[in-house]
Participant: 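The structure is given below, and queries will be raised subsequently.
Here is the naming used below: chain letters follow the sequence lines, and residue numbers restart at 1 for every chain. Keep in mind that what you see is a predicted model, and the values were worked out from it rather than measured. Just the heavy atoms: all of them, side chains too, but no hydrogens, waters or symmetry mates, feed the values below.
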2 protein chains.
Amino acid sequence: MATGRNHRPATTRSRGIPEATVARLPLYLRALTALSERSVPTVSSEELAAAAGVNSAKLRKDFSYLGSYGTRGVGYDVEYLVYQISRELGLTQDWPVVIVGIGNLGAALANYGGFASRGFRVAALIDADASLAGKPVAGIDVQHTDRLEQIIEESGVSIGVIATPAGSAQQVCDRLVAAGVTSILNFAPTVLSVPEGVDVRKVDLSIELQILAFHEQRKAGEDAPEEDTAPPAAPPAAAVTKRPEPGSDGDRPAVMPA
Amino acid sequence: MATGRNHRPATTRSRGIPEATVARLPLYLRALTALSERSVPTVSSEELAAAAGVNSAKLRKDFSYLGSYGTRGVGYDVEYLVYQISRELGLTQDWPVVIVGIGNLGAALANYGGFASRGFRVAALIDADASLAGKPVAGIDVQHTDRLEQIIEESGVSIGVIATPAGSAQQVCDRLVAAGVTSILNFAPTVLSVPEGVDVRKVDLSIELQILAFHEQRKAGEDAPEEDTAPPAAPPAAAVTKRPEPGSDGDRPAVMPA
DNA sequence: GTGTGTGAACTGTTTCACAGCG
DNA sequence: CGCTGTGAAACAGTTCACACAC
């Protein structure tokens, strides 16, 4: 998951598109792009919603924040919508990005096709390991961290991706920001602090798994091993769990973790 | 970002912990683990909140859903809280996971230390490329997709990670589900459809960047001297009523389709 | 005094349901 | 009619502010 920061303080009312909507635009865009490639001329909110994995009411509401781009009784023009959403997201312009930390993940990101196809151009790969310098990854020579500031400036980079170990992330972040980067995508499992005006989003791979584990535990949890019946009548916890249960609790010093 | 699915339909009132809270528990856990390693005995909500990157009111509210684990006037016992949160997330048990698709990303995931340290054990690496079979990645031999069902069953895997190309994701997903997997973390940029009772979360690397681009574009705001790359797409046949712009914000030069 | 725990107010998001345009 | 666009209602999540336990 990712966390946004320093967005408009909810003050700006009129023009602002809700965060939740912004977060879904890329989803719509992807679905629309697929339709476009199949030369589908128009879609209804129902069809597009299904393709994007949301419900149609939400989709229509989302689009209503962008303007009235549909045709009643017909649907939306695919090409036109692709353009409008791309523009809204700022994808009609070129975004040079740098990736710092070319380990497994950094390399994966450098190779990821989804970037280039959305207007993101990997302007440079940077790593602290001098022995990597000059070696190509995804067709781009890795450069040493020493040149970070220079690279940012020369390439006009405003978006940086941090894929370093947690220990170096804040330091890299500081340098990126000092050099002019104002948006950071952080893959390191650490909280970055940045000055006002800099946007940080984070992706933590293990957090997602932990959230799945939580739900997985609940599934197995109470009701017997079998449970594909629709009505979730039974309450989740009851047995092995805590919570302010009237009269219970108090198992203070318990088994400690590893 | 990631999207949950098939969670309790908001029907269950009392016992449920809010999704938003669940999503933050791993964050607290990480901060607490760091404190624990430094042998810090207790933390106040204020301190812990800062370390986790949230505000203290939110943190206290979150913890209140778990129970009353703090001491007024003092704070929270670090070790105790680590244990309680781990238990709540289901991390006190072992979660074998399989990773399907051992490309750059799959390899990065296999090597990612954040899994093992949280109770996730990579039970198997699976790839459709027969030439990878038998080769070790992160110390584990990659196995061929043919054995997928067998592996799942033998290892009792209930969580699967999909890191294949988009084109194979749904197919892999179907096989995982058929074999008994009930939680899926999807890195492929596609919407997976799963039966009721199966949980899917997704992480789309390019979506996060697109959201950053959106905000970045707003920062640059008016003085955007740059030029667009893509030529406008085809306009809809019908005239479109662009949303009424509140005069202020410079409207985009309507470089739209002629 | 200090900092938790929590009702109450508030803000943001989703869903409903239907008016009205094509 | 069919499907969009959107107020209004319902719901979820966040913030406030303070009583109260330690």
Participant: Collect all protein-nucleotide pairs involving nucleotides 14-16 of chain C in which both atoms are nitrogen or oxygen and the distance is under 3.5 Å.
Facilitator:
| residue | atom | partner | partner atom | Å |
| --- | --- | --- | --- | --- |
| dT14(C) | OP1 | R24(A) | NH1 | 2.9 |
| dT14(C) | OP2 | R24(A) | NH1 | 3.2 |
| dT14(C) | OP2 | R24(A) | NH2 | 2.7 |
| dT15(C) | OP2 | N55(A) | ND2 | 2.5 |

Participant: Got a sec? Which of residues 39-50 of chain B come in under 4.0 Å of DNA chain D, heavy atoms?
Facilitator: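 Output list: empty, so none.
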Participant: Between L27(B) and K202(A), what is the shortest heavy-atom contact and its length?
Facilitator: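 Taking L27(B) first and K202(A) second, the nearest heavy atoms are CD1-NZ, 3.7 Å.
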Participant: Verify the distance criterion only: is there a donor paired with an acceptor across the side chains of Q170(A) and T190(A) at less than 3.5 Å?
Facilitator: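 Side chains of Q170(A) and T190(A): no pair found under 3.5 Å.
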Participant: Do the side chains of R218(B) and E88(A) get close enough for a salt bridge, i.e. N-O under 4.0 angstrom?
Facilitator: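 Answer for the salt bridge query: yes.
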Participant: When all nucleic acid strands are considered with a 4.0 Å heavy-atom cut-off, which category describes Y76(B): base, sugar-phosphate, or nothing?
Facilitator: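 Counting heavy atoms under 4.0 Å across all strands, the contact made by Y76(B) is with sugar-phosphate only.
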Participant: When the distance from CD of E19(B) to C1' of dG13(D) is rounded to whole Å, what number comes out?
Facilitator: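 Distance, rounded to whole Å: 12 Å.
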Participant: Would you check if I211(B) and R201(A) make a side-chain contact, meaning some heavy-atom pair closer than 4.5 Å?
Facilitator: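 Yes, at least one pair of side-chain atoms sits under 4.5 Å.
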Participant: Calculate the interatomic distance between L81(B) atom CG and dT4(C) atom P; express it in whole Å.
Facilitator: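 Distance, rounded to whole Å: 11 Å.
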Participant: Quick one: do F63(A) and Y69(A) satisfy ring-ring contact (aromatic ring centres under 6.0 Å, His included)? Show the steps, please.
Facilitator: CA-CA 8 Å; F63(A) 285 180; Y69(A) 294 150; 8.2 Å; no
Participant: Could you go step by step and tell me if Q84(A) and Y80(A) meet the side-chain hydrogen bond (donor to acceptor under 3.5 Å, both in side chains) rule?
Facilitator: CA-CA 6 Å; Q84(A) 290 300 343; Y80(A) 187 64; 3.0 Å; yes
Participant: Does one side chain, of T92(B) or R87(B), offer a donor that lies under 3.5 Å from an acceptor on the other?
Facilitator: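 Short answer, no.
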Participant: Write out a two-atom table: protein N or O, nucleotide N or O from nucleotides 19-22 of chain D, distance below 3.5 Å.
Facilitator:
| residue | atom | partner | partner atom | Å |
| --- | --- | --- | --- | --- |
| dC20(D) | O2 | R72(B) | NH1 | 3.1 |

Participant: Counting only heavy atoms not in Q93(B), do more than 12 fall under 6.0 Å of its CD?
Facilitator: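 Buried by this count: over 12 neighbours within 6.0 Å.
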Participant: What distance do S183(B) atom OG and E208(A) atom CD have between them, rounded to the nearest 0.5 Å?
Facilitator: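 Atom-to-atom, S183(B):OG and E208(A):CD are 12.0 Å apart.
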Participant: Under a 3.5 Å threshold, yes or no: a donor from one side chain and an acceptor from the other, between S206(B) and Q210(B)?
Facilitator: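 The criterion, which ignores hydrogens and geometry beyond distance, is satisfied for Q210(B) and S206(B).
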Participant: Quick one: F63(B) CZ to dT14(D) P, roughly how many Å, whole number?
Facilitator: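 Value for this atom pair: 14 Å.
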